[in-house]
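Data block below; observations after.
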Amino acid sequence: MKQKLHYSPLLNHDIRVIQLLTQADHPVHATGPVHCKIVHVSLDDSHRVENSKNATKGSNRIWPVSVDDVVDDAVDGEPETSHPVGFGSLFERSLAERLFPITRIPEVPYLEKHNWLKRKTRKTEYQHTAIAWDPSQDPEADLPWRYTWGDFVALSYVWGDQSIRREIYVNDVPVSVTASLESALRELRNHSRIQQGFFIWVDALCINQEDLDERAAQVARMKDIYHKAWHVVIWLGPEENHSSLAMLALRYMSLHAKQGDVLSKLYKRVEFYVVRLPFMQWKHEHTSLRIRKAVLYAIHHLLARTYWRRLWIIQEVVLGSRKSPVLCGSSSILLKDIFDSLQIIREDGDALGQYIIFSARGTSQQRWDIMRDETYEISEKLWERPVAITALQSLETNLSTPNRGVYDALLLSREANATDERDRVYGIMGLPQIADIVKLLPDYNLTASETFILFSARLLAGGDVNGLRLVNSPVPCIGTRYFKTTHFTRPRAPKFIHRHRTIHRGCEHDLPSWVICWSCPCNPAQPLLDRFSTLPFFPFSPATAPQIINDNFLTVKGIILDTIITLSAFHATESDKFYPHNNPDPPQNPYGSRADTREALARTLIGNDPDGPDPSVILHPTLWSAGIMGVDSNIFGLKDFYYRNRALYLFDGWSLDSFIREPKPKPVSRRVRDAASTAPRILRVTAAHREALATAMRRLGWRRLVTTQTGYLGLVPAATKMGDVVAVLAGCDAPLVLRPEGRGRFSVVGEAYVHWVPGQEMHQRFEKGVCTIDDICIC
């Protein structure tokens, strides 16, 4: 029967930790219900042992994981089968191995004594088991603890379904906790570090959740708690959907990440000409998986766990280290393994990443970029979010983009889940990137809207205006039903479009446009993370901070640079037939020649990063007319955008179609001669083509391609209308689209990318006084 815990008040620098009883305390605790005790300890430096900077228990920072003994076999040893010993369960067996098991016997040199039958049998399947603590074998037995009272780890986990409860014993009192916490404690008592004597800090037990004042005070201390913990232990949940197979696969990819050949071990691409005759060519392409589909299925479900979307893990993981242990069921690896393996998936998202998604969803399911309210489990976010969270550990705030760490933290918080909406703000206050700018103590007596307004005001008062890039603008209607074949080249555009639906309604809480609203769903457009923008530099005064007037209006220094006059449709089935919209008086081309303009168009689509995709690749006519199978084989492909907007006139006398296709067709005799040739005419798809196309699709998704009144190309939110202006604000790393609201006030539509020519017209207009630095009022 559930009883309430009696919490003694916390004094000074005290916190509560739990002592988890294990088989080291008594054999009865090896199984059965979880038993623990609450202990008050102090994190004050006066309680640190004098030589704690030298050798102490756990000073090597090693948490034994369940896959350590696979390393020698996989890297240093010679495999006995076609795949490394210990990782064989990840791969499909070859036909010879399936038909003739004797082929799996290791080869021995000629005339050498056949001693393989006498050798110790080695495991072909790795069994995940926690490593038990043996006091007699503990090399740290004589070492002191870091504190006079011992040491502790902080548990990072997701609370889970509050209606599913389990019973544990705290101070011999039966207490009802969530099933997620009970399973975490049950697994932790089997690990050697806990049996060694490390305490555990866990929020649900160590904070009196019913005391709002204590809860607010302890939330404010969470940065200090997780920072001073010996390790942050990550609990993903119990064994489910073959999660042990996924953990093993992530470890395998991490071990082979530095060798640069891991993708070739997972799959191979096959392409050949079926028919190669005059006037007819037929090229076949397919991918042959070497890794088992069950492994991809397991990876998908591991990454789709609710843990990765929990808000509090941002702070908890960032304040930990890359060596933090990650536990899932009885399997354990390091956070570094997950980061390294997901980097590989991220770099090959259009191939390996899509196989992971299709393994669980099937190829017939609608893709994230077509139509869904919940896009996380069928999008790049599946691996992008864990990578971004881990990357914040080493991200400094003084990068070439000054406020990049702040914006990344805001972006992660905006897309996270939280039981209490106010925790979307309080949950990131411990991050160094935020804590240095915003000084705000948690107050659970405020409403969610009041908390959002207060946080946004403090953030803007600190000079960082990047929060305006997260404005939740709406996305207009599109047709969700249509006719379009996918295996032939015609019809090129979707026909019989019907069942129109609004994709995203934007913020519905009647907040000022400068306030970040965490309650409403996110805009589906991918954020523009350009760190090599062509944004012009203007001499804003650093002493002029934004001002908030009556909690309704924001006044900030900025320059209104241009007006948007030409807009494309943001989707092939956009309901409004007004788009694409051509201005009767199209602007002149500021880029110069056709070649320079094509490069500007390519940079607009794929970004201005010199280490990014090759801009010349994205303008290949085949990518716009036929696409690449497996990358844009749906209604949101680049080819569908092209056929809806091919008549869009970007400049005077120049349409989108004229920049994609050659301006002058070949003579008839030349075309006949080329057609009769057996030389390959089909585009040979390379990794560069796939990378460029995938990047362009991510940037163009749910955005419009526009030209401004001065002729510059750009990408803007789908909610943008003709007459909206492009502005550069002090403290913001990207240009913004603003909408005039009358009486000199503007509302924020969202972030934009404009491909200006560095050092040319924008600065000339500023020097001539055409553009001036003014106070811009945002409502």
Side-chain angles (χ1 to χ4, degrees), residues 155-164 178-181 183-184 203-204 222 226 232-238 240-241 243 246-247 250 298-320 324 326-328 335 338-339 341-342 345-346 349 353 356-357 360-361 368-369 372-393 407-431 434 448 452 470 472 504 516-527:
L155 181 64
S156 175
Y157 72 110
V158 61
W159 281 32
D161 191 343
Q162 297 282 351
S163 63
I164 305 177
T178 62
S180 175
L181 176 57
S183 61
D203 55 357
M222 286 181 68
Y226 277 90
V232 175
V233 179
I234 298 172
W235 171 250
L236 299 183
E240 190 178 28
N241 293 314
S243 57
M247 299 282 276
L250 296 179
I299 293 175
H300 175 277
H301 284 282
L302 186 75
L303 298 180
R305 294 199 178 209
T306 54
Y307 174 86
W308 301 111
R309 302 189 67 185
R310 177 176 171 263
L311 177 85
W312 288 101
I313 72 158
I314 302 173
Q315 175 177 267
E316 295 164 3
V317 173
V318 169
L319 295 175
S324 295
V326 180
L327 281 59
C328 186
L335 182 62
I338 294 182
F339 179 78
S341 56
L342 295 190
I345 298 175
R346 181 186 187 184
I356 292 174
I357 292 174
R361 293 289 173 175
W368 67 274
D369 42 18
R372 279 187 68 101
D373 294 328
E374 176 56 58
T375 64
Y376 186 83
E377 293 186 18
I378 50 173
S379 74
E380 290 90 346
K381 297 175 184 178
L382 201 63
W383 51 85
E384 290 280 359
R385 183 172 178 81
V387 169
I389 293 174
T390 311
L392 274 179
Q393 290 181 334
Y407 177 67
D408 285 352
L410 293 175
L411 189 61
L412 288 170
S413 173
R414 180 68 184 83
E415 297 179 343
N417 292 335
T419 306
D420 191 324
E421 294 295 332
R422 295 165 293 187
D423 285 338
R424 294 182 180 275
V425 170
Y426 301 145
I428 60 174
M429 292 305 300
L431 296 178
I434 301 296
F452 299 161
L470 301 178
N472 204 359
H504 183 66
I516 307 173
C517 178
W518 278 271
S519 297
C520 296
C522 299
N523 187 290
Q526 295 287 318

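The structure presented is a predicted model; accordingly, all values stated were derived computationally and were not measured.
Panel note: side chain Thr178, backbone Trp159; a donor-acceptor pair is recorded below 3.5 Å. A distance-only check finds no donor-acceptor pair linking the side chain of Thr390 to the backbone of Phe339 [under 3.5 Å]. Glu421 places no side-chain N or O within donor-acceptor distance of the main-chain N or O of Ala448, the cut-off being under 3.5 Å. A donor-acceptor pair is defined here as one N or O able to donate and one able to accept, closer than 3.5 Å; no such pair exists between the side chain of Arg424 and the backbone of Leu311. Trp235 contributes no side-chain N or O that, together with a main-chain N or O of Leu181, makes up a donor-acceptor pair within less than 3.5 Å. Here the side chain of Tyr226 pairs no donor or acceptor atom with the backbone of Ser156 at under 3.5 angstrom. Side-chain atoms of Asn472 come within 3.5 Å of backbone atoms of Pro521 as a donor-acceptor pair (strictly under, hydrogens ignored). No donor-acceptor pair closer than 3.5 Å links the side chain of Ser413 to the backbone N or O of Ala409. Looking at Asp420, its side chain does come within 3.5 Å of a backbone N or O of Arg422 through a donor-acceptor pair. Using a distance-only test at 3.5 Å, with no hydrogens or angles considered, a donor-acceptor pair links the side chain of Ser183 to the main chain of Ala179.
Counting only heavy atoms from C-beta outward, the side chains of Ile356 and Ile345 approach each other to under 4.5 Å. Put simply, the side chain of Ile357 reaches to within 4.5 Å of the side chain of Trp383, judged on heavy atoms. Residues Cys328 and Leu302 have side chains in contact (heavy-atom distance under 4.5 Å, counting atoms from C-beta outward). With a 4.5 Å cut-off on side-chain heavy atoms, Ile314 and Leu431 count as touching. Between Trp312 and Met222, some side-chain heavy-atom pair lies under the 4.5 Å cut-off. The shortest distance between side-chain heavy atoms of Trp308 and Leu236 falls below 4.5 Å. Side-chain contact between Ile428 and Leu410 is present, with heavy atoms from C-beta onward closer than 4.5 Å. Looking at Glu384 and Arg346, their side chains come closer than 4.5 Å, going by heavy atoms from C-beta outward.
A salt bridge between Arg310 and Asp203 is present, with a side-chain N of the basic residue lying under 4.0 Å from a carboxylate O of the acidic one.
For the atom pair OH (Tyr157) and OH (Tyr307), the distance works out to 11.5 Å, reported to the nearest 0.5 Å.
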